[in-house]
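Encoded as C-alpha coordinates, the structure appears first; notes follow it.
We name chains A, B, ... by the order of the sequence lines, and we start the count at 1 in each one. Any value given below was found using the heavy atoms of this structure, including those in side chains, with hydrogens, waters and symmetry copies removed.
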Amino acid sequence: MLALIAVALIIASRFFSPSIEPVKEKLDGFALGFYWITDLPNRFSNWLDDSLVSREELLEENRSLKGERLILQRKLQQYATLAADNARLRQLMNSAELVQDRVLIAELIGVSPDPTEQVVVVNKGSEQGVFVGQPLLDAYGLMGQVIEVNPYFSRVLLITDASHALSVQINRNGVRAVAEGTGDLYELKLRHVSNTVDVKVGDLLVSSGLGQRFPVGYPVADVVSILHDPGKSFATVIARPKAQLNRSRHVLLAFSGQRNEDRP
Amino acid sequence: MEGGKLNNSWLIGFSFLVALVLMVYPLPLDWRWLRPELMCLLVIYWVLRFPQLLGVGMAFVLGLVQDVVQGSLLGQHALALVVTIYITQLSIHRLRTYGTIQQMMWIFALVAMHELFLYWVSMLLGREALFAYFWAPALISAFIWPLLSHGLDRLCWVMRLGV
(Lines give C-alpha, C1' and ligand atoms only; values in the text may rest on other atoms or scores of the structure.)
Protein backbone atom coordinates (compact mmCIF):
# COMPACT_ATOMS: atom_id res chain seq x y z
CA MET A 1 0.00 0.00 0.00
CA LEU A 2 2.79 2.34 0.84
CA ALA A 3 4.31 1.42 -2.49
CA LEU A 4 1.26 2.85 -4.20
CA ILE A 5 1.74 6.10 -2.36
CA ALA A 6 5.29 6.20 -3.63
CA VAL A 7 4.06 5.61 -7.16
CA ALA A 8 1.64 8.48 -6.78
CA LEU A 9 4.48 10.74 -5.73
CA ILE A 10 6.66 9.63 -8.60
CA ILE A 11 3.92 10.39 -11.08
CA ALA A 12 3.49 13.77 -9.46
CA SER A 13 7.13 14.60 -9.97
CA ARG A 14 7.18 13.10 -13.45
CA PHE A 15 4.55 15.64 -14.39
CA PHE A 16 7.23 18.23 -14.83
CA SER A 17 8.81 16.38 -17.73
CA PRO A 18 7.42 17.18 -21.17
CA SER A 19 7.43 13.52 -22.22
CA ILE A 20 3.97 12.86 -20.87
CA GLU A 21 2.43 15.91 -22.52
CA PRO A 22 0.85 14.00 -25.43
CA VAL A 23 -0.68 11.46 -23.04
CA LYS A 24 -2.07 14.25 -20.97
CA GLU A 25 -3.58 15.87 -24.03
CA LYS A 26 -5.45 12.67 -24.82
CA LEU A 27 -6.69 12.39 -21.26
CA ASP A 28 -7.85 15.98 -21.36
CA GLY A 29 -10.14 15.09 -24.23
CA PHE A 30 -11.83 12.77 -21.77
CA ALA A 31 -12.07 15.60 -19.25
CA LEU A 32 -13.75 17.81 -21.84
CA GLY A 33 -16.78 15.48 -21.74
CA PHE A 34 -17.33 16.33 -18.11
CA TYR A 35 -17.14 20.06 -18.74
CA TRP A 36 -19.59 19.61 -21.58
CA ILE A 37 -22.04 17.88 -19.23
CA THR A 38 -21.71 20.48 -16.48
CA ASP A 39 -22.30 23.20 -19.06
CA LEU A 40 -25.59 21.65 -20.22
CA PRO A 41 -27.90 23.35 -17.68
CA ASN A 42 -26.41 26.68 -18.60
CA ARG A 43 -26.90 26.14 -22.29
CA PHE A 44 -30.41 24.88 -21.71
CA SER A 45 -31.36 28.01 -19.81
CA ASN A 46 -29.80 30.15 -22.55
CA TRP A 47 -31.82 28.28 -25.12
CA LEU A 48 -34.98 28.80 -23.06
CA ASP A 49 -34.20 32.48 -22.76
CA ASP A 50 -33.78 32.71 -26.50
CA SER A 51 -36.86 30.79 -27.52
CA LEU A 52 -39.37 31.87 -24.89
CA VAL A 53 -39.22 35.62 -25.36
CA SER A 54 -42.38 37.56 -26.03
CA ARG A 55 -42.72 39.90 -28.98
CA GLU A 56 -42.92 42.99 -26.75
CA GLU A 57 -39.72 42.05 -24.99
CA LEU A 58 -37.93 41.59 -28.29
CA LEU A 59 -39.15 44.93 -29.54
CA GLU A 60 -38.11 46.58 -26.31
CA GLU A 61 -34.67 45.00 -26.49
CA ASN A 62 -34.34 46.00 -30.13
CA ARG A 63 -35.16 49.58 -29.29
CA SER A 64 -32.67 49.81 -26.45
CA LEU A 65 -29.96 48.18 -28.57
CA LYS A 66 -30.57 50.68 -31.36
CA GLY A 67 -30.23 53.53 -28.90
CA GLU A 68 -27.04 52.06 -27.55
CA ARG A 69 -25.66 51.62 -31.06
CA LEU A 70 -26.34 55.26 -31.84
CA ILE A 71 -24.42 56.37 -28.76
CA LEU A 72 -21.53 54.04 -29.52
CA GLN A 73 -21.39 55.21 -33.14
CA ARG A 74 -21.14 58.78 -32.01
CA LYS A 75 -18.25 57.82 -29.75
CA LEU A 76 -16.68 55.94 -32.62
CA GLN A 77 -16.72 59.00 -34.85
CA GLN A 78 -14.67 60.86 -32.29
CA TYR A 79 -12.46 57.83 -31.91
CA ALA A 80 -11.64 57.76 -35.62
CA THR A 81 -10.33 61.32 -35.58
CA LEU A 82 -8.50 60.69 -32.31
CA ALA A 83 -6.86 57.55 -33.70
CA ALA A 84 -5.77 59.44 -36.81
CA ASP A 85 -4.41 62.25 -34.66
CA ASN A 86 -2.60 59.79 -32.48
CA ALA A 87 -1.04 58.03 -35.46
CA ARG A 88 0.15 61.37 -36.88
CA LEU A 89 1.66 62.43 -33.59
CA ARG A 90 3.39 59.11 -33.22
CA GLN A 91 4.81 59.46 -36.71
CA LEU A 92 6.12 62.88 -35.74
CA MET A 93 7.79 61.30 -32.75
CA ASN A 94 9.13 58.37 -34.78
CA SER A 95 7.69 55.85 -32.34
CA ALA A 96 6.04 52.54 -33.02
CA GLU A 97 2.46 52.56 -34.15
CA LEU A 98 -0.25 51.10 -32.01
CA VAL A 99 -1.51 47.98 -33.69
CA GLN A 100 -5.16 47.07 -33.65
CA ASP A 101 -5.69 43.78 -31.83
CA ARG A 102 -7.58 40.91 -33.36
CA VAL A 103 -9.84 39.07 -30.94
CA LEU A 104 -11.51 35.68 -30.71
CA ILE A 105 -14.81 35.39 -28.89
CA ALA A 106 -14.93 32.54 -26.39
CA GLU A 107 -17.25 31.27 -23.73
CA LEU A 108 -16.49 30.26 -20.18
CA ILE A 109 -17.39 26.60 -19.73
CA GLY A 110 -15.88 25.73 -16.40
CA VAL A 111 -14.22 26.82 -13.21
CA SER A 112 -11.38 25.00 -11.53
CA PRO A 113 -12.72 23.04 -8.55
CA ASP A 114 -9.63 23.74 -6.46
CA PRO A 115 -10.47 26.75 -4.31
CA THR A 116 -6.84 27.76 -3.84
CA GLU A 117 -6.31 28.55 -7.51
CA GLN A 118 -8.26 30.93 -9.69
CA VAL A 119 -8.40 29.18 -13.01
CA VAL A 120 -11.27 29.09 -15.48
CA VAL A 121 -11.85 26.97 -18.58
CA VAL A 122 -12.84 28.52 -21.92
CA ASN A 123 -14.18 26.69 -24.94
CA LYS A 124 -11.48 27.64 -27.46
CA GLY A 125 -8.24 25.72 -27.89
CA SER A 126 -5.24 25.26 -30.14
CA GLU A 127 -7.54 24.37 -33.07
CA GLN A 128 -8.70 27.97 -33.01
CA GLY A 129 -5.15 29.30 -32.64
CA VAL A 130 -5.09 29.87 -28.91
CA PHE A 131 -1.57 29.83 -27.44
CA VAL A 132 -0.07 29.76 -23.96
CA GLY A 133 0.34 33.26 -22.59
CA GLN A 134 -2.51 34.72 -24.60
CA PRO A 135 -4.43 37.45 -22.74
CA LEU A 136 -8.12 37.01 -21.91
CA LEU A 137 -10.46 39.99 -21.64
CA ASP A 138 -14.08 40.64 -20.95
CA ALA A 139 -16.12 43.71 -21.82
CA TYR A 140 -14.74 45.62 -18.83
CA GLY A 141 -11.06 44.81 -18.63
CA LEU A 142 -8.26 42.26 -18.48
CA MET A 143 -9.15 38.92 -16.95
CA GLY A 144 -6.06 36.75 -17.17
CA GLN A 145 -3.76 34.70 -19.39
CA VAL A 146 -3.90 31.24 -20.92
CA ILE A 147 -1.72 28.71 -19.09
CA GLU A 148 -2.71 25.43 -20.72
CA VAL A 149 -3.94 24.71 -24.24
CA ASN A 150 -5.73 21.61 -25.46
CA PRO A 151 -7.20 21.13 -28.94
CA TYR A 152 -10.70 22.22 -27.93
CA PHE A 153 -10.43 24.07 -24.64
CA SER A 154 -7.89 25.93 -22.58
CA ARG A 155 -7.31 26.94 -18.99
CA VAL A 156 -6.86 30.56 -18.02
CA LEU A 157 -5.15 31.89 -14.91
CA LEU A 158 -7.01 34.93 -13.59
CA ILE A 159 -5.10 38.09 -12.67
CA THR A 160 -6.23 37.74 -9.04
CA ASP A 161 -4.60 34.34 -8.54
CA ALA A 162 -1.99 34.46 -5.80
CA SER A 163 0.72 33.36 -8.24
CA HIS A 164 -0.04 35.99 -10.90
CA ALA A 165 1.42 39.45 -11.41
CA LEU A 166 1.36 41.88 -14.30
CA SER A 167 2.89 45.23 -15.01
CA VAL A 168 0.48 48.15 -15.06
CA GLN A 169 0.62 51.91 -15.28
CA ILE A 170 -1.60 54.59 -13.85
CA ASN A 171 -3.67 55.98 -16.69
CA ARG A 172 -3.57 59.53 -15.32
CA ASN A 173 0.20 60.04 -15.20
CA GLY A 174 1.86 56.91 -16.56
CA VAL A 175 3.51 55.81 -13.31
CA ARG A 176 4.44 52.15 -13.63
CA ALA A 177 3.82 49.46 -11.04
CA VAL A 178 3.39 45.72 -10.69
CA ALA A 179 -0.07 44.47 -9.77
CA GLU A 180 -0.12 41.07 -8.17
CA GLY A 181 -3.04 38.85 -7.28
CA THR A 182 -3.87 38.13 -3.67
CA GLY A 183 -6.07 35.06 -4.07
CA ASP A 184 -9.03 37.28 -3.29
CA LEU A 185 -11.30 37.77 -6.28
CA TYR A 186 -11.84 41.48 -5.69
CA GLU A 187 -8.34 42.55 -4.79
CA LEU A 188 -5.07 43.31 -6.52
CA LYS A 189 -2.05 44.65 -4.69
CA LEU A 190 0.53 47.03 -6.12
CA ARG A 191 4.06 46.01 -5.28
CA HIS A 192 6.84 48.36 -4.32
CA VAL A 193 5.01 51.65 -4.62
CA SER A 194 7.08 54.13 -2.67
CA ASN A 195 5.36 56.58 -0.35
CA THR A 196 6.08 59.56 -2.57
CA VAL A 197 4.50 58.22 -5.74
CA ASP A 198 1.55 60.17 -7.07
CA VAL A 199 -1.33 57.72 -6.78
CA LYS A 200 -4.89 58.53 -5.72
CA VAL A 201 -7.97 56.57 -4.84
CA GLY A 202 -10.01 56.12 -8.01
CA ASP A 203 -7.02 56.03 -10.37
CA LEU A 204 -7.44 53.69 -13.32
CA LEU A 205 -4.66 51.14 -13.82
CA VAL A 206 -4.09 50.00 -17.40
CA SER A 207 -1.77 47.32 -18.71
CA SER A 208 1.60 48.81 -19.61
CA GLY A 209 2.76 46.22 -22.11
CA LEU A 210 6.06 45.75 -20.32
CA GLY A 211 6.80 42.08 -19.91
CA GLN A 212 5.57 41.45 -23.47
CA ARG A 213 2.63 39.41 -22.29
CA PHE A 214 -0.34 41.72 -22.26
CA PRO A 215 -1.11 44.33 -24.92
CA VAL A 216 -0.83 48.01 -23.96
CA GLY A 217 -3.70 50.04 -22.67
CA TYR A 218 -6.36 47.62 -21.50
CA PRO A 219 -8.02 48.61 -18.22
CA VAL A 220 -7.01 46.36 -15.34
CA ALA A 221 -8.20 47.78 -12.03
CA ASP A 222 -9.33 50.79 -10.03
CA VAL A 223 -7.35 51.90 -7.00
CA VAL A 224 -9.62 51.61 -3.97
CA SER A 225 -7.37 52.24 -1.00
CA ILE A 226 -3.91 53.58 -0.24
CA LEU A 227 -2.25 53.17 3.13
CA HIS A 228 0.86 55.15 4.00
CA ASP A 229 2.51 53.50 6.95
CA PRO A 230 5.52 55.56 8.12
CA GLY A 231 7.10 52.37 9.45
CA LYS A 232 7.22 50.76 6.03
CA SER A 233 9.23 51.84 3.04
CA PHE A 234 6.40 51.20 0.59
CA ALA A 235 2.76 52.22 0.53
CA THR A 236 0.07 49.55 0.54
CA VAL A 237 -2.08 50.12 -2.52
CA ILE A 238 -5.16 47.96 -3.09
CA ALA A 239 -7.01 47.92 -6.40
CA ARG A 240 -10.21 46.30 -7.55
CA PRO A 241 -10.20 44.50 -10.92
CA LYS A 242 -12.33 46.09 -13.64
CA ALA A 243 -13.19 42.77 -15.26
CA GLN A 244 -16.15 40.95 -13.79
CA LEU A 245 -14.14 37.88 -12.92
CA ASN A 246 -17.05 36.17 -11.22
CA ARG A 247 -19.78 36.95 -13.71
CA SER A 248 -18.57 37.21 -17.28
CA ARG A 249 -19.51 34.31 -19.47
CA HIS A 250 -18.64 35.77 -22.85
CA VAL A 251 -14.96 36.61 -23.02
CA LEU A 252 -12.39 37.67 -25.63
CA LEU A 253 -9.01 36.14 -26.40
CA ALA A 254 -6.78 38.86 -27.84
CA PHE A 255 -4.13 38.34 -30.51
CA SER A 256 -1.83 41.30 -30.13
CA GLY A 257 -0.08 42.72 -33.16
CA GLN A 258 3.43 41.54 -32.37
CA ARG A 259 2.36 37.95 -31.96
CA ASN A 260 0.66 37.94 -35.32
CA GLU A 261 3.93 38.61 -37.06
CA ASP A 262 5.53 35.52 -35.57
CA ARG A 263 2.57 33.41 -36.43
CA PRO A 264 1.72 33.39 -40.15
CA MET B 1 -18.23 -14.03 -0.21
CA GLU B 2 -15.12 -15.10 -2.08
CA GLY B 3 -15.40 -14.33 -5.77
CA GLY B 4 -19.02 -13.34 -5.32
CA LYS B 5 -20.55 -11.30 -8.11
CA LEU B 6 -22.50 -8.14 -7.58
CA ASN B 7 -25.92 -7.95 -9.15
CA ASN B 8 -25.95 -4.36 -10.19
CA SER B 9 -22.33 -3.39 -9.98
CA TRP B 10 -22.70 -0.79 -12.73
CA LEU B 11 -24.43 1.31 -10.10
CA ILE B 12 -21.13 1.85 -8.30
CA GLY B 13 -19.42 3.02 -11.45
CA PHE B 14 -22.35 5.24 -12.29
CA SER B 15 -22.26 6.84 -8.84
CA PHE B 16 -18.59 7.70 -9.40
CA LEU B 17 -19.42 9.30 -12.75
CA VAL B 18 -22.14 11.41 -11.14
CA ALA B 19 -19.74 12.43 -8.37
CA LEU B 20 -17.12 13.48 -10.94
CA VAL B 21 -19.62 15.62 -12.80
CA LEU B 22 -20.68 17.28 -9.55
CA MET B 23 -17.04 17.84 -8.58
CA VAL B 24 -16.37 19.93 -11.68
CA TYR B 25 -19.76 21.62 -11.80
CA PRO B 26 -18.88 25.31 -11.97
CA LEU B 27 -19.60 27.14 -8.73
CA PRO B 28 -19.07 30.88 -8.30
CA LEU B 29 -15.38 31.45 -7.60
CA ASP B 30 -16.09 32.63 -4.05
CA TRP B 31 -18.22 29.65 -3.12
CA ARG B 32 -15.89 26.85 -4.04
CA TRP B 33 -15.02 26.37 -0.37
CA LEU B 34 -18.49 25.01 0.19
CA ARG B 35 -18.20 22.08 -2.22
CA PRO B 36 -18.22 18.77 -0.34
CA GLU B 37 -15.57 16.22 -1.31
CA LEU B 38 -18.16 13.95 -2.89
CA MET B 39 -15.67 11.67 -4.59
CA CYS B 40 -13.85 11.01 -1.33
CA LEU B 41 -17.13 10.37 0.53
CA LEU B 42 -18.34 7.96 -2.14
CA VAL B 43 -15.16 5.92 -2.12
CA ILE B 44 -15.29 5.73 1.67
CA TYR B 45 -18.92 4.60 1.50
CA TRP B 46 -18.34 1.84 -1.04
CA VAL B 47 -15.23 0.64 0.76
CA LEU B 48 -17.24 0.38 3.97
CA ARG B 49 -20.00 -1.50 2.23
CA PHE B 50 -17.98 -3.84 0.01
CA PRO B 51 -14.51 -4.03 1.56
CA GLN B 52 -13.76 -7.19 -0.39
CA LEU B 53 -14.33 -5.47 -3.74
CA LEU B 54 -12.90 -1.99 -3.39
CA GLY B 55 -9.62 -1.13 -1.83
CA VAL B 56 -6.60 1.09 -2.04
CA GLY B 57 -5.88 0.12 -5.65
CA MET B 58 -9.30 1.24 -6.76
CA ALA B 59 -8.91 4.46 -4.77
CA PHE B 60 -5.65 5.11 -6.61
CA VAL B 61 -7.27 4.66 -10.03
CA LEU B 62 -10.24 6.82 -9.09
CA GLY B 63 -7.92 9.49 -7.75
CA LEU B 64 -6.06 9.56 -11.06
CA VAL B 65 -9.33 9.88 -12.96
CA GLN B 66 -10.32 12.76 -10.71
CA ASP B 67 -6.96 14.43 -11.36
CA VAL B 68 -7.47 14.19 -15.09
CA VAL B 69 -11.00 15.53 -14.96
CA GLN B 70 -10.21 18.39 -12.61
CA GLY B 71 -6.98 19.27 -14.36
CA SER B 72 -5.00 19.14 -11.14
CA LEU B 73 -1.48 17.79 -10.85
CA LEU B 74 -1.48 14.14 -11.90
CA GLY B 75 -1.27 12.07 -8.72
CA GLN B 76 -2.48 14.69 -6.29
CA HIS B 77 -5.92 13.26 -5.63
CA ALA B 78 -4.61 9.74 -6.09
CA LEU B 79 -2.21 10.19 -3.19
CA ALA B 80 -4.84 11.82 -0.96
CA LEU B 81 -7.43 9.15 -1.69
CA VAL B 82 -5.00 6.27 -1.19
CA VAL B 83 -4.01 7.52 2.25
CA THR B 84 -7.61 8.23 3.23
CA ILE B 85 -8.82 4.81 2.12
CA TYR B 86 -5.93 3.06 3.84
CA ILE B 87 -6.95 4.64 7.15
CA THR B 88 -10.60 3.90 6.43
CA GLN B 89 -9.71 0.24 6.02
CA LEU B 90 -7.82 0.25 9.31
CA SER B 91 -10.82 1.67 11.13
CA ILE B 92 -13.50 -0.15 9.20
CA HIS B 93 -14.90 -2.21 12.08
CA ARG B 94 -15.01 0.73 14.40
CA LEU B 95 -16.67 2.95 11.81
CA ARG B 96 -19.40 0.38 11.15
CA THR B 97 -20.47 0.16 14.77
CA TYR B 98 -20.55 3.90 15.32
CA GLY B 99 -23.74 5.93 15.60
CA THR B 100 -24.48 8.74 13.16
CA ILE B 101 -22.85 11.54 15.16
CA GLN B 102 -19.69 9.55 15.82
CA GLN B 103 -19.53 8.56 12.17
CA MET B 104 -19.82 12.20 11.14
CA MET B 105 -16.94 13.13 13.40
CA TRP B 106 -14.80 10.36 12.00
CA ILE B 107 -15.69 11.35 8.44
CA PHE B 108 -14.72 14.92 9.28
CA ALA B 109 -11.30 13.72 10.38
CA LEU B 110 -10.87 11.55 7.27
CA VAL B 111 -11.86 14.24 4.80
CA ALA B 112 -9.80 16.85 6.63
CA MET B 113 -6.80 14.58 6.18
CA HIS B 114 -7.67 14.18 2.50
CA GLU B 115 -7.70 17.98 2.19
CA LEU B 116 -4.43 18.26 4.06
CA PHE B 117 -2.71 15.98 1.55
CA LEU B 118 -4.14 17.97 -1.34
CA TYR B 119 -2.73 21.15 0.19
CA TRP B 120 0.64 19.65 0.82
CA VAL B 121 0.96 18.76 -2.82
CA SER B 122 -0.24 22.16 -4.01
CA MET B 123 2.13 23.83 -1.58
CA LEU B 124 4.97 21.82 -3.10
CA LEU B 125 3.98 23.51 -6.35
CA GLY B 126 4.57 26.84 -4.67
CA ARG B 127 0.94 27.83 -4.55
CA GLU B 128 -0.06 29.85 -1.56
CA ALA B 129 -2.32 27.73 0.62
CA LEU B 130 -5.18 29.59 2.24
CA PHE B 131 -5.05 27.56 5.38
CA ALA B 132 -7.83 29.25 7.30
CA TYR B 133 -10.51 27.58 5.19
CA PHE B 134 -9.12 24.16 4.52
CA TRP B 135 -11.46 22.49 6.99
CA ALA B 136 -14.60 23.94 5.33
CA PRO B 137 -15.05 21.17 2.71
CA ALA B 138 -14.42 18.60 5.44
CA LEU B 139 -17.14 20.08 7.63
CA ILE B 140 -19.64 20.19 4.78
CA SER B 141 -18.72 16.62 3.86
CA ALA B 142 -19.36 15.48 7.42
CA PHE B 143 -22.83 17.01 7.31
CA ILE B 144 -23.55 15.47 3.92
CA TRP B 145 -22.44 12.02 5.09
CA PRO B 146 -25.65 10.87 6.88
CA LEU B 147 -27.73 11.92 3.87
CA LEU B 148 -25.41 10.20 1.43
CA SER B 149 -25.02 6.97 3.37
CA HIS B 150 -28.73 6.58 4.13
CA GLY B 151 -29.67 7.49 0.56
CA LEU B 152 -27.23 4.99 -0.88
CA ASP B 153 -28.31 2.32 1.63
CA ARG B 154 -31.83 2.83 0.40
CA LEU B 155 -30.74 2.72 -3.23
CA CYS B 156 -28.79 -0.49 -2.70
CA TRP B 157 -31.81 -2.04 -1.06
CA VAL B 158 -34.13 -1.03 -3.89
CA MET B 159 -31.71 -2.18 -6.60
CA ARG B 160 -30.91 -5.37 -4.64
CA LEU B 161 -27.24 -4.48 -4.84
CA GLY B 162 -25.32 -7.01 -2.86
CA VAL B 163 -23.11 -10.03 -2.97
* chain B: which of I37(A), V120(A), V111(A) shares the most heavy-atom pairs with it under 4.5 Å? -> V111(A)
* To do: Give the minimum heavy-atom separation between Q70(B) and R155(A), together with the two atoms involved.
  => O-NH1, 3.8 Å
* Does atom CZ of R247(A) have more than 12 heavy-atom neighbours from other groups under 6.0 Å away? -> no
* Structure fact -> Correct closest heavy-atom pair for R35(B) and P113(A) would be NH2-CA, 4.1 Å
* **Minimal non-hydrogen separation, F34(A) against L20(B), with atom names** => CE2-CB, 3.5 Å
* So which part of L158(A) gets closer than 4.5 Å to some heavy atom of chain B, the side chain, the backbone, both or neither? -> side chain
* Residues two or more places apart in sequence or in another chain: which of them pass side chain to side chain contact (heavy atoms under 4.5 Å, CB included) with I87(B)? -> V83(B), L110(B), M113(B)
* Donor-acceptor contact below 3.5 Å, side chain Y25(B) vs main chain Y35(A) -> no
* Asked: Taking atom CG of D114(A) and atom CD of Q76(B), what is their separation to the nearest 0.5 Å?
  -> 6.5 Å
* To do: Pick one of side chain, backbone, both or neither for L22(B), based on which atoms fall under 4.5 Å of a heavy atom in chain A.
  => neither
* Return yes when atom CD1 of I105(A) has more than 12 non-hydrogen atoms of other residues, nucleotides or ligands closer than 6.0 Å, and no otherwise. => no
* **Y140(A) atom OH, over 12 foreign heavy atoms within 6.0 Å** => no
* To do: Can you establish whether the number of heavy atoms outside F14(B) located under 6.0 Å from its atom CZ is more than 12?
  => no
* To do: Return yes when atom CZ of R176(A) has more than 12 non-hydrogen atoms of other residues, nucleotides or ligands closer than 6.0 Å, and no otherwise.
  => no
